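Notes follow once the structure below has been shown.
Keep in mind that this is a model prediction, so the values were computed, not measured.
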Amino acid sequence: MEKMSADTMKDIVALCKRRGFIFPASDIYGGINGFWDYGPLGVELKNNLRDRWWKDMVVTPPIGPDGAPIEIVGVDSSIIQNPRCWEASGHVGGFNDPMVDCKESKKRYRADHVFVLIPKDGQGTSFAFDKDAEQSDIESRLKKFAKGKSASDFEKEMLDKVPAKMFASIIGPDAKEPGTLTEPRQFNMMFHTYVGAAAGDENKAYLRPETCAGIFLNFKNVVDSSRTRVPFGIAQIGKAFRNEVTPRNFIFRSREFEQMELEWFCEEEEVPMWFDFWVEQRTKFWEAVGIPKAELHFLDVAKEDLAHYSSRTIDVEYRFPFAAPGFDELEGIAHRGSFDLTQHEQFSGTKLEYFDQAANKRFTPHVIEPSTGLTRGVLALICQAYTVDESRPSGVYLNFQPGMAPKKAAILPLTAKEEHVPLAQKLYMDLREDFAVDLDIKQNIGKRYARQDEIGTPYCFTVDNDTISDQTVTVRDRNTMAQNRIHMDKVKEFVKDRIR
RNA sequence: GCGGGAAUAGCUCAGUGGUAGAGCAUCAGCUUCCCAAGCUGAGGGCCGCGGGUUCGAUCCCCGUUUCCCGCUCCA
């Protein structure tokens, strides 16, 4: 397989559009930044990955360390919730960073990460510094530009606390002239909307920036209604929305995306064991859907980079072509502690403790969260499958793991002759009861194989003259292009054996 | 949000101040017992959108949107 590069992305994007996997949203209007639509094959691929995740999590959850299957149930919560839930989660206050741009240095700063030295006498210019600036740098800069004043002549104030009218006299951290800093602008990652006809602050609501909140909000409902016992998990798949500053890299960072999240509730003492368990399980999942372990990277997120709620996070990263030879995040497995349940308990006034009847104790479970982007997963599958092969007519094929392929098989009469078509139709009608399959009658066989290669169909079953006499068809393998004969009655079993 | 580049058929791209082309794809027919995407033909674009200059703009200028690259950002 050819080495991945940033250029590969262009070819992948073109193929995705040409063959109906992914289109720009609002394409005929010129698109809209950060939004993408899934076409006929894209939606099949996405559903396959989604269904596989759901099956592995909710329908047939993994075997636990004690040898018994663990317990996971699903929910499907609303995208819009009571806005107070986002205050509890920290999204309203937490990701509302005021940003400042410098017109001179073209740099952007978080206003709460920059401090300003303001002259105590109110005269002359003020100096802005990054919060991590070295004391020696501060002094040398003052010596150079402060006209005889020293550090003791200044008051320190964070930039986001400085009134906007004073900005004209501030020299930015990387600037030489005063007045180049723009006024702080709020960058809130959450989309907001209004519930009801009248638009006003009192009915402002948010589109969820992640699906997990809907799980925590329903923790009590699930426990009360489903006979689940800690340890157990609640899974959810759904859309989430983030007003990304810069959507980039095709569907990798988009403003509307789809998540598959599991919140695993357990006792605090068992967290390390379950954490390792989930890292292993999730790795197996990605391998099973066609991502080799060699293309994955496990990043133990450094303490200083951890989200406020997490004491440990492992990012499962994939070698996306735009990141190669590096990696970018595909899934995050986070220990969220009891942060969410505690927060929602406080903000809602509803007890979210768990009562263990056997041990007769009451506690707030800790949470391990394997959270992955379904749409990022789709991109990873496409990138992984994309294989250049100059020797074949299509020049490229998609090497999907058969279970993930949008079409599991194509049924092709070798010619459009009367004898071949009815047999192919019969096989098609039989197979489509169980699998997504194509029946393609038109044009010569080479063209049809090439077309199936390009959309990643793993098997082509071809009806020829021998089929008429002995009911066998050829199976043509996408990756090897090799052919074998099997009986028509065995075709369904053949496919079934290979798609899991 | 900043800087740079790009925008012409579904895709990849040529092209010229006088209202457009190729290859592939799609469709029809032919051919073909298996990679021959071979042969013949057809459909398809007010050249991203809006302004300006000009007798006339796909081409020159400005704005805008989208995409790509680099920053920034990514709780």
task: Using a 4.0 Å heavy-atom cut-off across all strands, classify A:F252 as base, sugar-phosphate, or nothing.
output: nothing
- prompt: With sugar-phosphate meaning primed atoms plus P, OP1 and OP2, does A:P209 contact a base, only sugar-phosphate, or nothing at under 4.0 Å between heavy atoms?
  reply: base
task: Determine the contact category for A:Y29: base if any of its heavy atoms lies under 4.0 Å from a base atom, sugar-phosphate if only primed atoms, P, OP1 or OP2 are that close, otherwise nothing.
output: nothing
- request: Can you tell me the distance, in whole Å, between the CD1 atom of A:I32 and the C1' atom of B:C49?
  value: 15 Å
Taking only N/O atoms, report every protein-nucleotides 5-15 of chain B pair under 3.5 Å with atom names and distance.
from	atom 1	to	atom 2	distance (Å)
B:C11	OP1	A:K17	NZ	2.5

- request: For residues 439-448 of chain A, pull every pair meeting salt bridge (Lys or Arg N to Asp or Glu O under 4.0 Å), keeping only residues two or more places apart or in separate chains.
  value: A:D440-A:R451
- line: Contacts of A:E210 and A:E454 projected onto RNA chain B by closest heavy atom; the upstream (5') one is A:E454
Stretch residues 33-48 of chain A: residues that reach within less than 4.0 Å of RNA chain B through a heavy atom: A:N33, A:G34
- line: Comparing A:T246 with A:G31, nearest RNA chain B nucleotide closer to 5' gives the residue A:T246
- request: Report the relative orientation of the aromatic rings in A:F219 and A:F265; use parallel for angles under 30°, tilted for 30 to 60°, perpendicular for over 60°.
  value: tilted
- line: Writing each nucleotide of RNA chain B 5' to 3' as (, ), [, ], | or . by Watson-Crick or G-U pairing under 3.5 Å yields (((((((..((((....[..)))).(((((.......))))).....(((((..]....))))))))))))....
- request: Check whether any side-chain N or O of A:R248 sits under 4.0 Å from OP1 or OP2 of B:C73, and answer yes or no.
  value: no
Side chains of A:D389 and A:S391, donor plus acceptor under 3.5 Å: yes
List the atom pairs, donor and acceptor, that lie under 3.5 Å between side-chain atoms in residues 237-245 of chain A and the rest of the protein, sequence neighbours left out.
from	atom 1	to	atom 2	distance (Å)
A:K239	NZ	A:E256	OE2	2.9
A:R242	NE	A:P209	O	2.9
A:R242	NH2	A:P209	O	3.4

- request: Pick the P atom in B:C46 and in B:C39, then give their distance to the nearest Å.
  value: 30 Å
- request: Would you please name every residue forming a side-chain contact (heavy atoms from CB on, under 4.5 Å) with A:D489, sequence neighbours left out?
  value: A:H487
message: Tell me every residue that passes side-chain contact (heavy atoms from CB on, under 4.5 Å) with A:S89, counting only those two or more places apart in sequence or in another chain.
response: A:W86, A:H91
query: To the nearest angstrom, how far is A:E87 atom CD from B:A75 atom C1'?
result: 16 Å
- request: Starting at atom CZ of A:F250, determine the distance to atom C1' of B:U66, rounded to an integer number of angstrom.
  value: 14 Å
- request: Using the C1' atom as the reference point in each nucleotide, state the distance between B:C61 and B:G44 in Å, no decimals.
  value: 32 Å
- request: Write down the distance separating the C1' atoms in B:G56 and B:C13, rounded off to the nearest Å.
  value: 27 Å
field: B:U40 to B:G5 separation - P atoms, rounded to the nearest Å
entry: 43 Å
query: Does a side-chain N or O from A:N249 land closer than 4.0 Å to OP1 or OP2 of B:C69, or not?
result: yes
message: Under a 4.0 Å threshold between the charged nitrogen and the carboxylate oxygen, would A:E258 count as salt-bridged to A:R376?
response: no
- request: With heavy atoms under 4.0 Å as the rule, sort A:E329 into base, sugar-phosphate or nothing.
  value: nothing
- request: Can you tell me the distance, in whole Å, between the CD atom of A:Q443 and the C1' atom of B:G29?
  value: 11 Å
field: Under 3.5 Å side-chain donor-acceptor pair for A:S311 and A:H335
entry: yes
- prompt: Excluding sequence neighbours, so at least two apart, what forms side-chain contact (heavy atoms from CB on, under 4.5 Å) with A:F115?
  reply: A:L117, A:F129, A:I138, A:K156, A:M158
query: Taking CZ from A:R255 and C1' from B:U66, how many angstroms apart are they, rounded to a whole number?
result: 12 Å
- prompt: Residues two or more places apart in sequence or in another chain: which of them pass side-chain contact (heavy atoms from CB on, under 4.5 Å) with A:T246?
  reply: A:R248
message: Taking B:C47 as the reference, what is the distance to B:C60 when you measure between their P atoms (whole Å, please)?
response: 15 Å
- prompt: Can you tell me how far P in B:U19 sits from the matching atom in B:C68, rounded to whole Å?
  reply: 35 Å
query: For A:D76, what residues pass the side-chain hydrogen bond (donor to acceptor under 3.5 Å, both in side chains) criterion, not counting sequence neighbours?
result: none
task: Take the protein atom CZ of A:F322 and the nucleotide atom C1' of B:C67, then report the distance between them rounded to whole Å.
output: 15 Å
- prompt: When rounded to the nearest 0.5 angstrom, what distance separates CD in A:Q236 from CG in A:N218?
  reply: 8.0 Å
field: Per A:V245 side chain, nearest of listed nucleotides B:U26, B:A75, B:C73
entry: B:C73
statement: Between CD of A:Q259 and C1' of B:A75 the distance, given in whole Å, is 13 Å
message: Tell me whether A:R485 is salt-bridged to A:D464, with the criterion being a basic N under 4.0 Å from an acidic carboxylate O.
response: yes
field: Distance, rounded to the nearest Å, where A:I441 contributes CD1 and B:C30 contributes P
entry: 14 Å
Distances under 3.5 Å only, N/O to N/O: pair up the protein atoms with those of nucleotides 34-36 of chain B.
from	atom 1	to	atom 2	distance (Å)
B:C34	O2	A:Y449	OH	2.5
B:C34	O2	A:Q483	OE1	3.3
B:C34	O2	A:Q483	NE2	2.7
B:C34	N3	A:Y449	OH	3.4
B:C34	N3	A:T474	OG1	3.3
B:C34	N3	A:Q483	OE1	3.4
B:C34	N4	A:D464	OD2	2.9
B:C34	N4	A:T474	OG1	3.1
B:C35	O2	A:R476	NH2	3.1
B:C35	N3	A:R476	NE	2.9
B:C35	N3	A:R476	NH2	3.1
B:C35	N4	A:R476	NE	3.1
B:C35	N4	A:M481	O	2.9
B:C35	N4	A:Q483	NE2	3.0
B:A36	O3'	A:N444	OD1	3.3
B:A36	O3'	A:N444	ND2	3.1

Sidechain-backbone polar pair: A:N48 side chain, A:E44 backbone, donor-acceptor under 3.5 Å: yes
query: Under 30°, 30 to 60°, or over 60°: which ring-plane class applies to A:Y318 and A:F320, parallel, tilted or perpendicular?
result: perpendicular
Rounded distance in Å between the C1' positions of B:G41 and B:A6: 35 Å
Cut-off 3.5 Å, no hydrogens considered: what does the side-chain donor-acceptor table look like for residues 21-39 of chain A, sequence neighbours left out?
from	atom 1	to	atom 2	distance (Å)
A:D27	OD2	A:K17	NZ	3.1
A:W36	NE1	A:F250	O	3.2

message: Measuring only the P atom in each nucleotide, how far is B:U58 from B:A9? A whole number of Å is fine.
response: 15 Å
